[in-house]
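Residues: numbered from 1 along the sequence shown.
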Amino acid sequence: MRALFAAAALLVSLPAAAQAVVDLTGVAAPARPGKPFTARNIPDRIILTPGADPSTAMAVSWRTDTAQATAEAEIVALVASPGFGSRATAVAGQSWPTVSENGPATYHQARFGGLSPDTPYAYRVKGSAGWSEWQQFRTASAEAKPFTFIYLGDTQNRILDIGSIAWRRAIVQAGNPQLMLHAGDLVASRDDLVHDDEWGEWAAAGGWTLATIPQVPAPGNHEYVDVALPGGKEGRRLNPHWPLAFALPGNGAPGVEGTSYVLDWQGVRFVVLDGTSAIDLGTLAAQTKWLDAKLAESKARWNVVLFHQPIFTCARPKNTPAMYKSWKPVLEKHRVDLVLQGHDHCYARLTDEAGKAASATARGSGQPVGPVYMVSVAGAKMYGLNDRSGTQPDRVAEDSSLFQTVDVSADRLKVRSFLNTGRLYDGFDLVRGADGRNRLEELPDELPTIRRCTGPAQAVDAPMPPDRKGPDGLLCTADTKD
C-alpha cells in the first residue's frame, strides 16, 4: 500500500467567479457507452441538503447544460391546491461552469432561508428548457419530535447496479424517512469508471428521493483523489464533485468547513467529521477540538456522530489509530449514543471493547452502555471479517449488503439493520433511563444466522478460492484486507 503524505491541505474550494471553469476530469477510465450522464437542458442531479438550522433553512444543488448560466429556483409553502405555485418566491443562487469526460455542464446551488419550522414546502429549479417538476420537503420541527432516519455504508462500486438495491429498499422500509445519512465512499474516484459517470450513477441510484429527503453525507477516502507531490510522494485532494453536489452548512471544523458540519434535527444533534482529512491532511487536532466543543454545547436529547474510517474495524487487522486515540475519548466523555461509520465493507455492531461476552454480562446486570459503534456497507465491494469479529462485536456480517433505519423518540432509539432484501438482520433499542444513561435492549425475535463465508481464506491479492462460499451458497466476494 502506498504511503500518503499530508504535505499540504489539498482541498478543493469552489471558485467565486462564475467564469472560472471547474475541471471535473478524473484519471483515465472507461466511460459509459452513449454518455447517458451528459448534462441536458432540463435539471438533473437535484440534491437537497439541510441548512445549519434545518427548521428554517435548506439548500439544493443541481446540474444543467451550459445554456442555463444562472441559478434560479422557486419555493413556496405547499398546500393541497394545484395552484400553490402562484405564491412562489424566486431565489437566486450561484453557478459554476464545469467540464468533465461527459462534456461541459453547469452546476448550481441555491439556499432557502427564513422558512417556518415543521412546514411542508415545494420548490423547483431552472434548466435552459424550463423548470424541473415541483419537489417537496418538510422542515424540521423546532422542538424534539419523533422521526426516522436512514444510515447507509459505502456504495462506492457498482453504485447503480447493486448499491441502489439497498438504497431503494431502505426508502420503502423506512416509510417516511426525514434524513438520509451516508458514511462515506459514496463513489470510488479511482480508475474503475469515469468519475462523472460515478456521480451520475450515485444520483441515479437515489433518483427523486435525493431532492425530497435531506442528505447528510460524510466524506470517505474515496471522495478524495490522489495527487503527485514533489519527490515522488503522494497526497490527496477532495474530488471537485463533492462541493458542487452538496450545498452543506459550512459550519464545520477549521480547515474542513466543507466536509465537516453539525446540525440539530428534532432532538438529535448530528456531528459529521472528515476522517480522511484528519488522517492524511493534518486536521485531526482541529476536528477533535471542534468535536469536543460541539458535543459539549449540545442540548439535544440524542447525539449521533458520523464519519468514515471506523474506530473499531471489522475487516482490518488493526483499529484506526488516529480515531481510536483522539476521537474515542471525546465520544465516550460526552456519552454519544450512536457512532456510524463505513470503510470496512462488512457489518459490525460493538458496544464494549472488552468483547461481546462482557457486553452481554453488562446488559444482563442492567448497566448503562456508552456509544454503540456501527460499521455497515450498502454496495457491492466486500471485505472479509477479521480475527476479532467472533469475539468483540455483538453481531457481524460478511459478504452482505445492508441498510439501517433509526426511529427516534424521546426516550428510545430503535435501530434496525436490514439485508438489502428487506429481511431484518440485527436490531436493538437504546432506552434512556431516569438517570440519563442508556440501556441496550436486544430484540426478542429470532434473527438470521450470522452471515459468514466458509472455506479457506485467500491470500492477500490472490484470486478467491472456488471452494470459499458466501452465506448464500455463492462464491464469496469478501477479499482479505491487510
Show the atom names and distances, to 0.1 Å, of all donor-acceptor pairs under 3.5 Å that link a side chain in residues 169-183 to residues at least two apart or in another chain.
| residue | atom | partner | partner atom | Å |
| --- | --- | --- | --- | --- |
| Q173 | NE2 | G422 | O | 2.9 |
| H182 | NE2 | Q215 | OE1 | 2.7 |

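- Interatomic distance, I150 CD1 to F403 CZ, rounded to the nearest 0.5 Å: 7.5 Å.
- Counting all heavy atoms, side chain and backbone alike, V330 lies closest to D292 at CG1-CA, 3.7 Å.
- Under a 3.5 Å cut-off, the side chain of E234 and the backbone N or O of A228 do not form any donor-acceptor pair.
- Residues V396 and R452 meet the side-chain proximity criterion, which asks for heavy atoms closer than 4.5 Å.
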Next on the checklist: Does T64 form a side chain to side chain donor-acceptor pair (under 3.5 Å) with H108? I'd like the steps, not just the answer.
Outcome noted: CA-CA 8 Å; T64 66; H108 312 273; 2.8 Å; yes
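- For S417 and Q404, the side-chain atoms include at least one donor-acceptor pair closer than 3.5 Å.
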Next on the checklist: Please determine whether side chain to side chain donor-acceptor pair (under 3.5 Å) holds for the pair R416 and T405, giving the CA-CA distance in whole Å, both sets of side-chain angles, and the decisive distance to 0.1 Å.
Outcome noted: CA-CA 5 Å; R416 303 292 182 265; T405 65; over 6 Å; no
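- Remark: the backbone N or O of N386 is paired with a side-chain donor or acceptor of S389 at under 3.5 angstrom.
- The aromatic rings of F112 and F137 sit parallel to each other, their planes meeting at less than 30°, with 60° as the upper class boundary.
- A distance of 9.0 Å separates CE in M374 from CG in L402, rounded to the nearest 0.5 Å.
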Checklist entry - Where do L413 and V408 land on the side chain to side chain contact (heavy atoms under 4.5 Å, CB included) test, with the steps shown first? => result CA-CA 5 Å; L413 293 182; V408 179; 3.7 Å; yes
Item to check | K414/D429 under salt bridge (Lys or Arg N to Asp or Glu O under 4.0 Å): CA gap, chis, key distance, verdict | outcome: CA-CA 5 Å; K414 296 174 61 176; D429 287 6; 5.8 Å; no
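- Annotation: salt bridge (charged side-chain N to carboxylate O under 4.0 Å, His left out) contacts involving residues 171-193, sequence neighbours excluded, are absent.
- Annotation: side chain of C314 is not in contact with side chain of E398 (no heavy-atom distance under 4.5 Å).
- For T259 (side chain) and P219 (main-chain N/O), no donor-acceptor pair under 3.5 Å exists by modelled atom type.
- Using a 3.5 Å distance cut-off with no hydrogens or angles, the side chains of H345 and D479 do not pair a donor with an acceptor.
- Annotation: W167 is in aromatic contact with W202 [ring centroid separation under 6.0 Å].
- Partner of T313 under the side-chain hydrogen bond (donor to acceptor under 3.5 Å, both in side chains) criterion, chosen from K481, Q341, Q392, R388: R388.
- A distance of 8.5 Å separates CZ of R316 from SG of C346, quoted to the nearest 0.5 Å.
- Checking side-chain atoms of Q266 against main-chain N and O of K145 turns up a donor-acceptor pair under 3.5 Å.
- Interatomic distance, I46 CD1 to S132 OG, rounded to the nearest 0.5 Å: 4.5 Å.
- Looking only at distances, a side-chain donor or acceptor of Q68 sits under 3.5 Å from a matching main-chain atom of T70.
- Residues D274 and Q287 have side chains in contact (heavy-atom distance under 4.5 Å, counting atoms from C-beta outward).
- Looking only at side-chain heavy atoms (C-beta outward), D344 and D154 stay at 4.5 Å or farther from each other.
- Of the possible donor and acceptor atoms, one in the side chain of H222 sits under 3.5 Å from a partner among the backbone N and O of A188.
- Residue L115 holds its CG atom at 12.5 Å from CZ of R138, rounded to the nearest 0.5 Å.
- Applying the ring-ring contact (aromatic ring centres under 6.0 Å, His included) rule to Y107 yields no partners; only residues at least two apart in sequence or on another chain are considered.
- Once rounded to the nearest 0.5 Å, the distance linking OG of S326 with CG of L291 reads 10.0 Å.
- Residue E332 qualifies as enclosed at atom CD: its count of foreign heavy atoms under 6.0 Å is above 12.
- Judged purely by atom type and a 3.5 angstrom limit, E223 has no side-chain atom pairing as donor or acceptor with the backbone of L238.
- Residues W290 and V262 meet the side-chain proximity criterion, which asks for heavy atoms closer than 4.5 Å.
- In this structure, Q309 contributes its side chain and F307 its backbone to no donor-acceptor pair below 3.5 Å.
- Aromatic ring centroids of F270 and Y261 lie 6.0 Å or more apart.
- Under the 4.0 Å criterion applied to side-chain N and carboxylate O atoms, D196 and R45 are assigned as salt-bridge partners.
- Salt bridge K294/D264: absent, no basic N to carboxylate O contact under 4.0 Å.
- Between the side chain of S298 and the main chain of A300, a donor-acceptor pair closer than 3.5 Å is present.
- Side-chain atoms of S376 and R349 include no donor-acceptor pair closer than 3.5 Å.
- Remark: R124 is positioned above the aromatic ring of W131, its terminal NZ or CZ atom under 6.0 angstrom from the ring centre and at most 45 degrees off the axis.
- Centroid-to-centroid, the aromatic rings of Y224 and W242 stay 6.0 Å apart or farther.
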Item to check | Step-by-step salt bridge (Lys or Arg N to Asp or Glu O under 4.0 Å) determination, R468 to D399 | outcome: CA-CA 12 Å; R468 182 162 172 78; D399 204 39; over 6 Å; no
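- Using a cutoff of 4.0 Å between basic side-chain nitrogens and carboxylate oxygens, D226 and R236 are scored as salt-bridged.
- A side-chain hydrogen bond (donor to acceptor under 3.5 Å, both in side chains) with S128 is found for one member of D65, T106, T66 and no other, namely D65.
- Counting heavy atoms from C-beta on, the side chains of Q156 and V377 never come closer than 4.5 Å.
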Checklist entry - Are V305 and L273 close enough, and set up right, to give a side chain to side chain contact (heavy atoms under 4.5 Å, CB included), and what steps lead you there? => result CA-CA 8 Å; V305 178; L273 298 166; 3.9 Å; yes
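- Counting only N and O atoms by type, the side chains of N221 and T276 include no donor and acceptor under 3.5 Å apart.
- A donor-acceptor pair is defined here as one N or O able to donate and one able to accept, closer than 3.5 Å; no such pair exists between the side chain of D407 and the backbone of T148.
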Next on the checklist: Checking R32 against N102 for the side chain to side chain donor-acceptor pair (under 3.5 Å) test, could you report, in this order, the C-alpha distance in whole Å, the side-chain angles of both residues, the deciding distance, and whether it holds?
Outcome noted: CA-CA 9 Å; R32 288 288 189 194; N102 285 316; over 6 Å; no
Next on the checklist: The test is side chain to side chain contact (heavy atoms under 4.5 Å, CB included); show your working for W327 and T288 and say whether it passes.
Outcome noted: CA-CA 6 Å; W327 291 355; T288 303; 3.0 Å; yes
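- When side chains are defined from C-beta on, N303 does not count as touching V271, because their heavy atoms never get closer than 4.5 Å.
- No side-chain N or O of S100 forms a donor-acceptor pair with one of T25 less than 3.5 Å apart.
- The shortest side-chain heavy-atom distance between E198 and H241 does not fall under the 4.5 Å cut-off.
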Checklist entry - Can D197 and K35 be said to form a salt bridge (Lys or Arg N to Asp or Glu O under 4.0 Å), step by step? => result CA-CA 8 Å; D197 282 357; K35 291 194 172 181; over 6 Å; no
